[in-house]
2 protein chains.
Amino acid sequence: MEDKFVPNIVVGRLPLYLRTLQLMSQEGRRVTSSQELGERLGISAAQIRKDLSQFGEFGKQGTGYNIDYLSDQLRLILHVNKVWDVAVVGIGDVGHALARYQGFSNRGFRIVLLFDNDPQKIGKNVGGFIIQDFSSIVTKIKTAGVQIAMLSVPIDQAQPVTNLLVDAGVRSILNYAPINISVPSGVRVQYIDPVLHLQRMTYYLE
Amino acid sequence: MEDKFVPNIVVGRLPLYLRTLQLMSQEGRRVTSSQELGERLGISAAQIRKDLSQFGEFGKQGTGYNIDYLSDQLRLILHVNKVWDVAVVGIGDVGHALARYQGFSNRGFRIVLLFDNDPQKIGKNVGGFIIQDFSSIVTKIKTAGVQIAMLSVPIDQAQPVTNLLVDAGVRSILNYAPINISVPSGVRVQYIDPVLHLQRMTYYLE
DNA sequence: TAGATTGTTAATCGATTAACAATC
DNA sequence: TAGATTGTTAATCGATTAACAATC
């Protein structure tokens, strides 16, 4: 089921479904429908049903989806039924905010390592973790078996640091530096750059 | 030219092109080609040419694109040939990082207003600006004529604060709260939620 | 039972790519 | 001139939607 090819664009919507279902669950709701989910997300009901059908049958005709059951299934599909250890690399303002962000733990992630190369910062405690020196990055990440990193270093360090992360066995990188980085196949990168989003909106402003 | 309909997905790629061109310009480069741009971005050369052709003819056969000229044109198209004033609403760790982020100014944005509702924070200076009380948000934003806001408040405040922003005349919202918000037509929302990106990658991890 | 909603198929719609004449 | 690369067309590919039988 999960072995078969699923379009990337579909995979990208699943976390959105999960996020909304978790919220509904917190609201005390028990069941929902593709229509309701769609309305909350601005996505058509047909698309949601089609997306889910890639992975199995999770609903009941006439009643819809059990929220907690579908959430569990989505967590299994997305492999966030466990908690993933994450490293934050580059503890400037962005890294600092990530290290202290409370929104990871109930969605499948926890931060376990912080790195920076500024002697002023090394040894400091942020969000309960001690900032460690870049020089130890490969061994520390390897030893901890961390496979996911959030990268919040300056632009010119993004590629060299990425290379270290790849050497250390990191397979998923969330890159906050506004530059495209190269990784070998088997390693995935996602990008966050607020300016891209802002410029996408100013197109429609005068 | 800009009046005619352009697919949203095309508009979304333009900021990426611009970002790469600005980087090339800083590297001292003068010209590039759709092929080179495509390689740096992981996008096909044909797609880049097709996207650009929606807005005009910016290249020369045989030589390619003048980097600074194409950058200027993209800035005009995206309306970032000017600098937009932006408000940051909610000065927790994320808002704090946004307020101090140095990457906005050379890409068309500058932060001019900060808001929070925590009496402990109101009056404090972050990144050169004084945090102001929520109670003044509508009038202050109206007076300043700010049309863009970055929203970094807790989940449960996202929708009510959004309503205030809309009342104040904000037309573009970059929402960091992990929840979908409703806005009237004419107002645009973009979302940033790191967990969505992480979960999209764990799908491919075991 | 009647009403509601799923999962799925086929039709539609839109986006990407390949190819090439034009031309620098 | 020969080589390179654009802008654009037509073909391909993929994603979305509409519709409905199945069934809770």
Side-chain angles (χ1 to χ4, degrees), chain A residues 1-2 4-18 20-21 24 29-74 76-77 200 203, chain B residues 1-2 4-18 20-21 24 29-74 76-77 200 203:
Chain A
M1 215 180 299
E2 288 186 43
K4 100 156 142 35
F5 174 76
V6 175
N8 213 274
I9 196 162
V10 173
V11 174
R13 280 191 294 259
L14 300 183
L16 214 46
Y17 300 162
L18 178 56
T20 304
L21 289 164
M24 286 176 168
R29 304 282 314 283
R30 294 200 84 76
V31 293
T32 186
S33 64
S34 58
Q35 180 169 21
E36 190 195 26
L37 257 178
E39 276 164 15
R40 277 178 78 141
L41 289 167
I43 291 177
S44 81
Q47 179 157 87
I48 290 172
R49 294 201 302 279
K50 188 102 205 288
D51 285 352
L52 295 177
S53 77
Q54 300 263 7
F55 303 95
E57 309 190 354
F58 307 114
K60 272 203 184 66
Q61 286 101 323
T63 40
Y65 302 92
N66 178 295
I67 288 170
D68 287 336
Y69 175 72
L70 183 53
S71 299
D72 282 343
Q73 292 302 309
L74 286 174
L76 282 167
I77 292 166
R200 192 175 182 154
Y203 172 82
Chain B
M1 217 180 296
E2 288 187 45
K4 101 154 141 38
F5 174 76
V6 175
N8 212 275
I9 196 162
V10 173
V11 174
R13 281 191 293 260
L14 301 183
L16 214 46
Y17 301 162
L18 177 56
T20 304
L21 289 164
M24 286 175 166
R29 305 281 313 285
R30 294 200 82 76
V31 293
T32 187
S33 64
S34 57
Q35 181 170 21
E36 189 196 25
L37 256 180
E39 276 164 14
R40 277 178 77 142
L41 289 167
I43 291 177
S44 81
Q47 178 156 88
I48 291 172
R49 295 202 301 280
K50 187 102 207 288
D51 285 352
L52 296 176
S53 76
Q54 300 262 8
F55 303 96
E57 307 190 355
F58 307 113
K60 272 204 185 64
Q61 285 103 325
T63 40
Y65 302 92
N66 178 294
I67 288 170
D68 287 337
Y69 174 72
L70 182 54
S71 299
D72 284 342
Q73 294 300 310
L74 286 174
L76 282 168
I77 293 166
R200 194 176 182 153
Y203 172 81

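Note: hydrogens, waters and symmetry copies are ignored here, and every other heavy atom, side chains too, is used. Just so it is clear: chains get the letters A, B, ... in the order the sequence lines come, proteins before strands, and each one is counted from 1.
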Quiz prompt | OP1 or OP2 of D:dT5 under 4.0 Å from side-chain N/O of B:Thr63 | solution = no
Quiz item: Mind pulling the stems DNA chain D is in, i.e. runs of at least three Watson-Crick or G-U pairs, everything under 3.5 Å?
Solution: C:3-24 with D:3-24
Exercise. Could you say whether A:Ile9 or A:Arg49 is positioned toward the 5' end of DNA chain D, judged by the nucleotide with the nearest heavy atom to each?
Key: A:Ile9
Exercise. Just compare D:dT6, D:dT16, D:dA19 and give me whichever is closest to any side-chain atom of B:Gln61.
Key: D:dT6
Practice problem: Map B:Ala45 and A:Asp51 onto DNA chain D by nearest heavy atom, then report which one ends up closer to the 5' terminus. | Solution: B:Ala45
Self-check item: A:Leu52 CG to A:Ile77 CD1 distance, which is reported to the nearest 0.5 Å
Solution: 7.5 Å
Practice problem: Ignoring backbone atoms, establish whether A:Ser44 has a side-chain N or O less than 4.0 Å from OP1 or OP2 of D:dT17. | Solution: yes
Quiz item: Among D:dA15, C:dG7, D:dG7, which nucleotide sits nearest the side chain of A:Pro7?
Solution: D:dA15
Exercise. Assess whether atom CZ of A:Arg29 is packed by more than 12 heavy atoms of other residues, nucleotides or ligands within 6.0 Å.
Key: yes
Exercise. Return no unless some side-chain N or O of B:Tyr65 is found under 4.0 Å from OP1 or OP2 of C:dC24.
Key: no
Exercise. Taking only the side-chain heavy atoms of A:Gln47 (C-beta and beyond), determine which of D:dT6, D:dT17, C:dG7 contains the nearest atom.
Key: D:dT17
Practice problem: Tell me which of A:Gly62 and A:Lys50 sits closer to the 5' end of DNA chain C, going by the nucleotide each one is nearest to. | Solution: A:Gly62
Practice problem: Among the candidates C:dT16, C:dT5, D:dC24, find the nucleotide nearest to the side-chain atoms of A:Ser33. | Solution: C:dT5
Quiz item: With a 4.5 Å limit on heavy-atom distance, are the side chains of B:Leu76 and B:Phe55 in contact?
Solution: no
